[in-house]
Participant: 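Can you keep this structure in mind? I'll have questions shortly.
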Amino acid sequence: MQYVDCVVIGGGAAGLMCAASAAKRGKSVWVLDHANKVGKKILMSGGGRCNFTNYYIETENFLSTNPHFCISALSRYTQYDFLELVGKYDLAYHEKTLGQLFCDNKAKDILNILLAECDAAGAVIHTQCCINNVTKVNDQKTPARFILQTGLGEITCHSVVVATGGLSIPTMGATGLGYDLAKQFGLRIKPRYASLVPFTFKDTKEIALLSIMQSLAGVSLPVSVSCQQQSFSEGLLFTHKGLSGPAILQISNYWHAGDVVTIDFLPNESLETILQQCQQDNNKSELKNILSRYMPKRFVTVWLDSHPLLLSLSQKAIAQYSKEDIRQLADCFHAWQCVPAGTEGYKTAEVTKGGVDTDDVSSKTFEANHTPGLFFVGEVLDVTGWLGGYNFQWAWASGYCAAQYV
Ligand SMILES: Cc1cc2nc3c(=O)[nH]c(=O)nc-3n(C[C@H](O)[C@H](O)[C@H](O)COP(=O)(O)OP(=O)(O)OC[C@H]3O[C@@H](n4cnc5c(N)ncnc54)[C@H](O)[C@@H]3O)c2cc1C
């Protein structure tokens, strides 16, 4: 039997940060991961360049049943603390947009920093190690401890940190072990959803939405998308299954099945003003050509063909448009409404929304309220960030804070 102070289950962003930080405090730490290597999501993140944090981290960028839960950790370990860490290793990085910070080179640079920190502090990482059972022993003679039955045999420890992440991308090693452990120790679980995820559509009798989107697959344009009183102005991408791109992934965090999504395909212009100007100037250009100055031509062509109203207006001279024609046309481009059939699910989702109920965990220590020594960090908790480096910042912050108490 092996004894260590702390076992961290899951060697992802939160687990590695927690292990390195706890080992720095002099704790003996083992990281156990069932995958063949740790940090796989770090490696695939940000298109291979890892959007590792954001200059503008605010509580409003996170969703949780308890929106206050994340405040403490995010203020005790900030984006600037992480920047100080990467600065120690001379990481080359840049701001892409909206405060999002990416590696200049490869996401592997971030993983290497975490591995170097673990190594320097003496945290030991074991991969391909399954965890079969975790029990807590409370007897009178010895301090409370956990016993883990693992692929490495029996391990006894003082504290267990559950850092198993969410359910997205099962092929990268995602499992529900963290939720199972939470349930086993009496913590509640908030409903979980694939999030930061593309929308899917279906053809219906009324409108062949999927077919329209398929014919636009690959086209992208800047939009403003709204749902549930939340809006994002970013890029949209048509796909063979429906809609994707940053704007869609962002709004998916706020979308529930059946919700209407409203899209402004021309967020920085007023179509009404453009068309009224055409009328004043007696501009004889076709509607298609006018619109193609502002939006991708392929989009304009397909969009005008796909709506009976737009089709009839596109065959009419702009000079003859009534006020109502212009208003209806503007609505079709500035406030187009759709109800997605669903999402692409955990296969492609960047995160899991929902998870271990934050009411059952301390926001200061990340310890389960009724099971001293058991900690939950990172995405397994019911805290979900926006797209843009927020989820990694949550992993770093929660992992670091828990490490101060294991
Ligand atoms: C494609 C993609 C791109 C992303 N890009 C970004 C980005 O650029 N910026 C950003 O902020 N966020 C991004 N994210 C989200 C981010 O990766 C996660 O929020 C973050 O990794 C969560 O950290 P974590 O440590 O909680 O979980 P994870 O990083 O998922 O780590 C969990 C670890 O637990 C291990 N594990 C799971 N089950 C078991 C088990 N049963 N036994 C043992 N070990 C287990 C896994 O193998 C894994 O190593 C992206 C996600 C995806 C999928």
Participant: Regarding Gln228 and Asp259, is there a side-chain donor-to-acceptor distance under 3.5 Å anywhere?
Facilitator: yes
Participant: I'd like to check Thr348 versus Pro198 (side-chain heavy atoms, cut-off strictly below 4.5 Å). Are they in contact?
Facilitator: yes
Participant: Crowded around Lys316 NZ? As in, over 12 foreign heavy atoms under 6.0 Å?
Facilitator: yes
Participant: Could you measure the distance from the CG atom of Leu313 to the SG atom of Cys332? Nearest 0.5 Å is fine.
Facilitator: 8.0 Å
Participant: Can you confirm whether the side chains of Ser195 and Asn253 place a donor and an acceptor under 3.5 Å from each other?
Facilitator: yes
Participant: I'd like to know if the side chain of Glu379 and the backbone of Val351 have a donor-acceptor N/O pair within less than 3.5 Å.
Facilitator: no
Participant: Determine whether Asn112 and Tyr89 make a side-chain contact, defined as any pair of heavy atoms from C-beta on separated by less than 4.5 Å.
Facilitator: no
Participant: Are side-chain N/O atoms of Asp5 and His158 paired as donor and acceptor at under 3.5 Å?
Facilitator: no
Participant: Counting heavy atoms not belonging to Glu84, are there more than 12 under 6.0 Å from its CD?
Facilitator: no
Participant: What's the separation between atom CG in Asp81 and atom OG1 in Thr78, rounded to the nearest 0.5 Å?
Facilitator: 4.0 Å
Participant: Out of Phe199, Phe232, Tyr193, which one pairs with Trp255 under the ring pair (Phe, Tyr, Trp, His ring centres under 6.0 Å) rule?
Facilitator: Phe199
Participant: Report yes or no: does Ser252 contribute a side-chain atom to a donor-acceptor pair with the main-chain N or O of Val197 at less than 3.5 Å?
Facilitator: yes
Participant: Begin with the C-alpha distance, continue with both residues' side-chain angles, and end with the deciding distance and a verdict on side-chain contact (heavy atoms from CB on, under 4.5 Å) for Leu209 and Lys202.
Facilitator: CA-CA 6 Å; Leu209 263 188; Lys202 279 190 184 139; over 6 Å; no
Participant: Taking C-beta and beyond as the side chain, do Met295 and Trp303 meet within less than 4.5 Å on heavy atoms?
Facilitator: no
Participant: Are the ring centres of Phe52 and Tyr93 closer than 6.0 Å?
Facilitator: yes
Participant: Does Tyr390 have its ring centroid less than 6.0 Å away from the ring centroid of Trp394?
Facilitator: no
Participant: Locate the shortest heavy-atom distance separating Ile212 from Ser215; write the atom from each residue and the value.
Facilitator: O-OG, 2.7 Å
Participant: Looking at side-chain heavy atoms only, is the closest gap between Leu181 and Ile9 below 4.5 Å?
Facilitator: yes
Participant: Please report the closest heavy-atom contact between Asn391 and Trp386, naming both atoms and the distance.
Facilitator: ND2-O, 3.5 Å
Participant: Check whether any side-chain N or O of His334 sits under 3.5 Å from a backbone N or O of Leu271 as a donor-acceptor pair, and report yes or no.
Facilitator: yes
Participant: Go through it in stages, so that I can follow the logic: the residues are Phe392 and Asn51, the test is side-chain contact (heavy atoms from CB on, under 4.5 Å), and I'd like the CA-CA distance, side-chain angles, deciding distance and then a yes or no.
Facilitator: CA-CA 8 Å; Phe392 278 135; Asn51 178 192; 5.8 Å; no
Participant: Got a sec: does the NE2 of His370 have more than 12 other heavy atoms crowding it under 6.0 Å?
Facilitator: no
Participant: If we ignore hydrogens and angles and just use 3.5 Å, is the side chain of Asp109 paired with the main-chain N or O of Leu91 as donor and acceptor?
Facilitator: no
Participant: Counting only N and O atoms by type, is there a donor-acceptor contact under 3.5 Å from the side chain of Lys284 to the main-chain atoms of Ala319?
Facilitator: no
Participant: What's the separation between atom CD1 in Ile155 and atom CZ in Phe146, rounded to the nearest 0.5 Å?
Facilitator: 14.0 Å
Participant: Mind listing the closest non-hydrogen atom pair of Leu148 and Cys157 along with its distance?
Facilitator: CD1-SG, 3.7 Å
Participant: Give a yes or no on whether Lys40 atom NZ has more than 12 heavy-atom contacts from other residues, nucleotides or ligands under 6.0 Å away.
Facilitator: yes
Participant: If you define the side chain from C-beta out and look only at heavy atoms, does anything of Arg293 sit under 4.5 Å from Ser285?
Facilitator: yes
Participant: Going from CD on Glu350 to NZ on Lys41, what distance comes out if it is rounded to the nearest 0.5 angstrom?
Facilitator: 9.5 Å
Participant: Decide yes or no on side-chain contact (heavy atoms from CB on, under 4.5 Å) for Tyr77 and Trp396, but give the supporting numbers first.
Facilitator: CA-CA 8 Å; Tyr77 190 88; Trp396 316 138; 3.7 Å; yes
Participant: Looking at Lys136, I want to see if its NZ is surrounded by more than 12 non-hydrogen atoms of other residues, nucleotides or ligands under 6.0 Å.
Facilitator: yes
Participant: Test Val219 against every option in Lys297, Met213, Arg298 by the side chain to side chain contact (heavy atoms under 4.5 Å, CB included) rule and name the one that passes.
Facilitator: Arg298
Participant: Given side chains that start at C-beta, do those of Thr65 and Thr358 come closer than 4.5 Å, heavy atoms only?
Facilitator: no
Participant: Counting C-beta onward and ignoring hydrogens, is there a side-chain heavy-atom pair between Leu114 and Ile42 closer than 4.5 Å?
Facilitator: yes
Participant: Check step by step if side-chain contact (heavy atoms from CB on, under 4.5 Å) holds for Leu243 and Phe201.
Facilitator: CA-CA 8 Å; Leu243 295 176; Phe201 287 84; 3.7 Å; yes
Participant: How close do Pro170 and Tyr346 get, heavy atom to heavy atom, and via which atoms?
Facilitator: CD-O, 3.8 Å
Participant: Does any N or O in the side chain of Arg192 come within less than 3.5 Å of the main-chain N or O of Gly166, such that one atom is a donor and the other an acceptor?
Facilitator: no
Participant: Any side-chain heavy atom of Ile318 within less than 4.5 Å of one from Ile290?
Facilitator: yes
Participant: Between Asn133 and Gln149 (side chain of the first, backbone of the second, donor and acceptor by atom type, cut-off under 3.5 Å), is there such a pair?
Facilitator: no
Participant: Give a yes or no answer on whether the side chain of Ser312 reaches the backbone of Leu309 with a donor-acceptor pair at less than 3.5 Å.
Facilitator: yes
Participant: Does any N or O in the side chain of Asp90 come within less than 3.5 Å of the main-chain N or O of Ala92, such that one atom is a donor and the other an acceptor?
Facilitator: no
Participant: Which value, rounded to the nearest 0.5 Å, describes the distance between Ser314 atom OG and Leu291 atom CG?
Facilitator: 9.5 Å
Participant: Going from OG1 on Thr273 to CG on Leu275, what distance comes out if it is rounded to the nearest 0.5 angstrom?
Facilitator: 9.0 Å
Participant: Could you go through Tyr405 and Phe375, starting from their C-alpha distance and side-chain angles, then the distance that decides it, and tell me whether this counts as ring pair (Phe, Tyr, Trp, His ring centres under 6.0 Å)?
Facilitator: CA-CA 9 Å; Tyr405 297 93; Phe375 297 77; 7.8 Å; no
Participant: Heavy-atom count check: over 12 atoms from other residues, nucleotides or ligands less than 6.0 Å from Tyr400 OH?
Facilitator: no
Participant: Show the nearest heavy-atom pair for residues Phe376 and Ala368, with the distance to one decimal.
Facilitator: CE1-CB, 4.4 Å
Participant: If we ignore angles and hydrogens, is there a donor and acceptor under 3.5 Å between the side chains of Ser362 and Glu367?
Facilitator: no
Participant: Ignoring hydrogens and angles, tell me if any N or O in the side chain of Asn61 forms a donor-acceptor pair with the backbone of Glu58 under 3.5 Å.
Facilitator: yes
Participant: For a quick test of reading the model, state the closest non-hydrogen atom pair linking Ile251 to Gln230 and the distance between them.
Facilitator: CD1-O, 3.3 Å
